[in-house]
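What's counted below: heavy atoms across the whole structure, side chains too, no hydrogens, waters or symmetry copies. First the proteins, then the strands, lettered A, B, ... as listed; each starts at 1.
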2 protein chains.
Amino acid sequence: MGRKRLQEPADGRPTVHTVAARAGVSIASASRVLNGVGGSPETIRKVREAAAEVGYVPNAIARSLQSQRTGLVALAVEDIGNPVYVEMMRAIEAVVASSGRQLLVHATGGRIDNETALLRRLANRYVDGMIVSPIRVTDDHLTALVDSPVPVVVVGQLGADAPIDNVRTDSRHGVALAVDHLVATGRRRIGFVNGPLDTVPGAARDAGFRAALAGHGIPLDAALIEVGDFQYAAGRAATERLLARADPDALVCANDLIAVGALHALLVAGRRVPQDVALVGMDDTELARMMFPQLSSVSLGSAERGRRAAELLLQRIADATLPPRREQVPPNLVVRASSAATVPAPRPAAGPPTTHPSSEGVTA
Amino acid sequence: MGRKRLQEPADGRPTVHTVAARAGVSIASASRVLNGVGGSPETIRKVREAAAEVGYVPNAIARSLQSQRTGLVALAVEDIGNPVYVEMMRAIEAVVASSGRQLLVHATGGRIDNETALLRRLANRYVDGMIVSPIRVTDDHLTALVDSPVPVVVVGQLGADAPIDNVRTDSRHGVALAVDHLVATGRRRIGFVNGPLDTVPGAARDAGFRAALAGHGIPLDAALIEVGDFQYAAGRAATERLLARADPDALVCANDLIAVGALHALLVAGRRVPQDVALVGMDDTELARMMFPQLSSVSLGSAERGRRAAELLLQRIADATLPPRREQVPPNLVVRASSAATVPAPRPAAGPPTTHPSSEGVTA
DNA sequence: CCGATAGCTGTAAACGTTTCCGGGGAGTCT
DNA sequence: AGACTCCCCGGAAACGTTTACAGCTATCGG
């Protein structure tokens with residue numbers, strides 16, 4: 001007969017065989033006791049003791065191979081530094097952790113190839129499921145998502161007929177909320193600093209801005225629209241370009257990072273916020289509250305979307321036969337100092353300019 | 001004889017058996033071809049074809065069980081939303097990804113139990129290695145780190161004799177740089193907004209602040225020291241408390257989040273920055289450059305520390321017998337508008353005393 | 001007092017891959 | 001022509017776990 005399997009691996013780390021041998025029982029009994037299912041009191045005692053003595057800790061990989069699940073869930077977002085994704089991530093992590101799983105975070109940099117490569121590697125079964133928030137979507141991309149061997153939930157807009165669990169918001173409407181608010185407080189020369197138009201959110205926000213302006217009968221002035229990417233530096237640069245050629249009395253920004261960049265550019269240019277230019281960001285991240293003046297921002301419920309996406313994913317992991325579901329989180333506007341109606345009246349001509357410390361402290 | 005193993009699992013997903021059978025070769029040959037090692041041209045062709053036809057993708061879990069590595073590296077930090085960790089994470093991720101591995105990110109919330117639990121779960125071999133940046137360290141904690149079955153690299157201060165790969169900076173010295181700079185530009189009533197003293201960085205920065213002040217012969221005024229935690233809201237609240245009872249002409253903050261909170265509190269209180277109060281943060285994150293005025297900040301080289309930690313970890317994964325190493329990244333001060341010398345001259349004694357409020361405040 | 005039943009235990013198969021090893025064929029050198 | 005080398009191939013073991021199955025003992029009901 002051939003020699004039995006090694007009881008003690010060269011590694012030195014104990015396996016269930018080590019424990020079983022030491023306890024004088026079979027590996028099956030040892031495994032049962034360690035999993036808390038069955039076993040006589042005597043067996044339980046012996047196995048527990050042996051396990052404690054050798055410091056046994058089960059090998060999760062072997063277990064996964066057997067059980068066909070890893071307890072890992074992946075999240076793929078464009079930019080891990082964007083506070084909106086941090087908030088989403090926190091919400092997802094809370095749900096995922098409460099189900100005893102761990103979260104694997106991936107930054108795609110918005111590059112599609114990166115994301116499809118990730119999808120493909122996903123097929124190798126290392127994660128039980130995935131949440132992805134793509135900012136660009138192609139057909140290839142879509143079929144990769146649909147064909148994924150593990151459950152996928154998408155956060156963001158998706159073709160209407162795609163059979164994929166999906167939680168979205170309505171950022172078109174979100175931009176409209178911002179514009180409505182600015183118009184209501186007397187602003188008319190409303191500028192817009194957007195992200196790339198070839199992204200899903202960029203396109204949606206552009207459409208929303210144009211529609212909202214049209215809804216108020218305000219003619220579109222191309223000089224008041226500027227495009228960068230969704231980062232701080234680009235937002236600042238784009239705003240500088242815009243200010244060089246136009247004179248807005250309000251600025252809508254496609255996310256909070258851009259808004260912070262815009263704020264910086266405005267203050268450097270000597271404009272007072274909100275007296276000279278009202279400013280509204282989007283995503284309502286912690287960053288908006290950190291600024292001085294605090295930024296108004298359109299909340300797109302990122303934490304809520306993350307939470308729901310995680311729940312959808314967990315449900316689908318539990319039951320793969322569920323029909324594709326779609327959930328929607330409504331946007332809502334949070335008004336803060338950066339777009340407050342100016343003190344005496346919305347008219348920029350009247351009123352003492354100085355009551356607010358922000359103006360003097362900031363425009364040195 | 002018993003029946004052979006299923007060629008086609010109920011799952012429907014192809015395994016190496018499926019493609020071997022389809023190609024008419026053994027699983028050993030199939031495996032070799034798929035791994036690009038060996039095989040005759042004919043075999044290679046057949047296997048490749050079969051694999052493509054059934055859409056074979058290897059099961060990473062089974063592979064890991066065999067190879068004893070997962071290609072996953074974990075990172076545990078206190079707060080995933082703190083930009084300093086974002087920068088560190090980016091640097092780590094770059095190194096890790098270039099070695100073909102993936103990064104698993106974990107937020108510990110600074111709670112020790114959380115972290116040791118993570119360490120213990122680590123023992124189950126799901127990751128090849130781990131980078132941890134603990135803000136609190138106990139003995140239990142330390143032994144858990146030392147006993148870890150997988151390689152661990154610590155970012156941050158650690159007991160001098162701990163046999164653990166470690167990359168650190170000198171935040172004591174970092175605080176001293178800030179104080180030196182403020183003193184050199186004429187500030188005397190220098191306040192300090194710190195994080196919790198029972199954390200390693202909190203304690204180090206406190207010690208650094210006291211030492212630096214003593215070095216300049218400036219008596220310590222307890223009213224000028226305030227403690228919160230390392231978050232924005234706490235920094236703002238702590239600064240409000242401090243301003244209620246003291247009148248600093250400069251503020252050193254234990255990190256940039258605190259500094260942003262402090263800036264907000266200062267501006268709300270009507271203080272001008274830097275004229276009335278100079279402000280210096282720490283970590284030199286993107287956030288510091290986003291503010292208006294831009295914040296001076298002591299860089300602790302977080303990206304560099306992350307990069308080095310990742311490299312140390314990869315080296316140790318490759319060779320576990322390496323002796324424990326320790327690397328140090330020096331701090332350096334980045335001066336920006338928030339602590340610029342006030343306009344007429346840095347000399348408080350010489351120049352005309354009245355033009356600027358700060359100068360008169362300084363000669364107390 | 002005997003058969004059914006319940007609970008425990010051990011053997012062995014299974015998860016899907018890599019890899020050691022031995023056998024065999026083809027080519028080359030002496 | 002025989003021996004040697006080199007390469008390719010297939011069988012089978014191994015990674016460490018869970019679990020189906022069957023056998024065993026002890027208890028209980030009839």
Exercise. Checking all strands, does A:Ser40 fall into the base, sugar-phosphate, or nothing category for heavy-atom contacts under 4.0 angstrom?
Worked result: sugar-phosphate
Exercise. Which part of the nucleic acid, if any, lies within contact of B:Ile61, taking any heavy atom under 4.0 Å across all strands shown: a base, the sugar-phosphate backbone alone, or nothing?
Worked result: nothing
Problem set entry | Closest nucleotide among C:dT18, D:dG10, C:dT17 to the B:Ser31 side chain | C:dT18
Starting at [atom1] of [X] and ending at [atom2] of [N], how long is that distance when rounded to a whole Å?
X: B:Ile27; N: D:dG11; atom1: CD1; atom2: C1'; result: 9 Å
X: B:Gln66; N: D:dA13; atom1: CD; atom2: C1'; result: 10 Å
X: B:Arg13; N: C:dA14; atom1: CZ; atom2: P; result: 21 Å
X: B:His17; N: C:dA14; atom1: NE2; atom2: P; result: 11 Å
X: B:Leu65; N: D:dT17; atom1: CG; atom2: P; result: 9 Å
X: B:Arg63; N: C:dT17; atom1: CZ; atom2: P; result: 8 Å
X: A:Asn59; N: D:dA14; atom1: CG; atom2: C1'; result: 13 Å
X: B:Glu42; N: D:dC7; atom1: CD; atom2: C1'; result: 16 Å

Could you tell me which residues satisfy side-chain hydrogen bond (donor to acceptor under 3.5 Å, both in side chains) with [X], sequence neighbours excluded, listed by chain and number?
X: B:Arg325; answer: B:Asp165, B:Gln315
X: A:Gln157; answer: A:Arg168
X: B:Thr143; answer: none
X: B:Asp198; answer: B:Arg136

Filtered N/O pairs between nucleotides 20-26 of chain D and protein, under 3.5 Å:
none

Please determine whether a side-chain nitrogen or oxygen atom of [X] lies at a distance below 4.0 Å from atom OP1 or OP2 of [N].
X: A:Gln68; N: C:dA14; result: no
X: A:Ser26; N: C:dG10; result: yes
X: A:Tyr56; N: D:dT17; result: yes

Exercise. Do A:Asp140 and A:Thr138 have side-chain atoms, one donor and one acceptor, less than 3.5 Å apart?
Worked result: no
For this session: Quick one: list whatever passes salt bridge (Lys or Arg N to Asp or Glu O under 4.0 Å) with A:Glu304, sequence neighbours left out.
Result: A:Arg307, A:Arg308
For this session: Starting from the 5' end of DNA chain D, give me the residue, B:Gly24 or B:Ala62, whose nearest nucleotide shows up first.
Result: B:Gly24
Seminar exercise, completed: The answer to which of B:Val25 and A:Ser67 contacts DNA chain D further toward the 5' end, by nearest nucleotide, is B:Val25
Exercise. Has the side chain of A:Thr108 got a donor or acceptor atom that lies under 3.5 Å from a matching backbone atom of A:Val77?
Worked result: yes
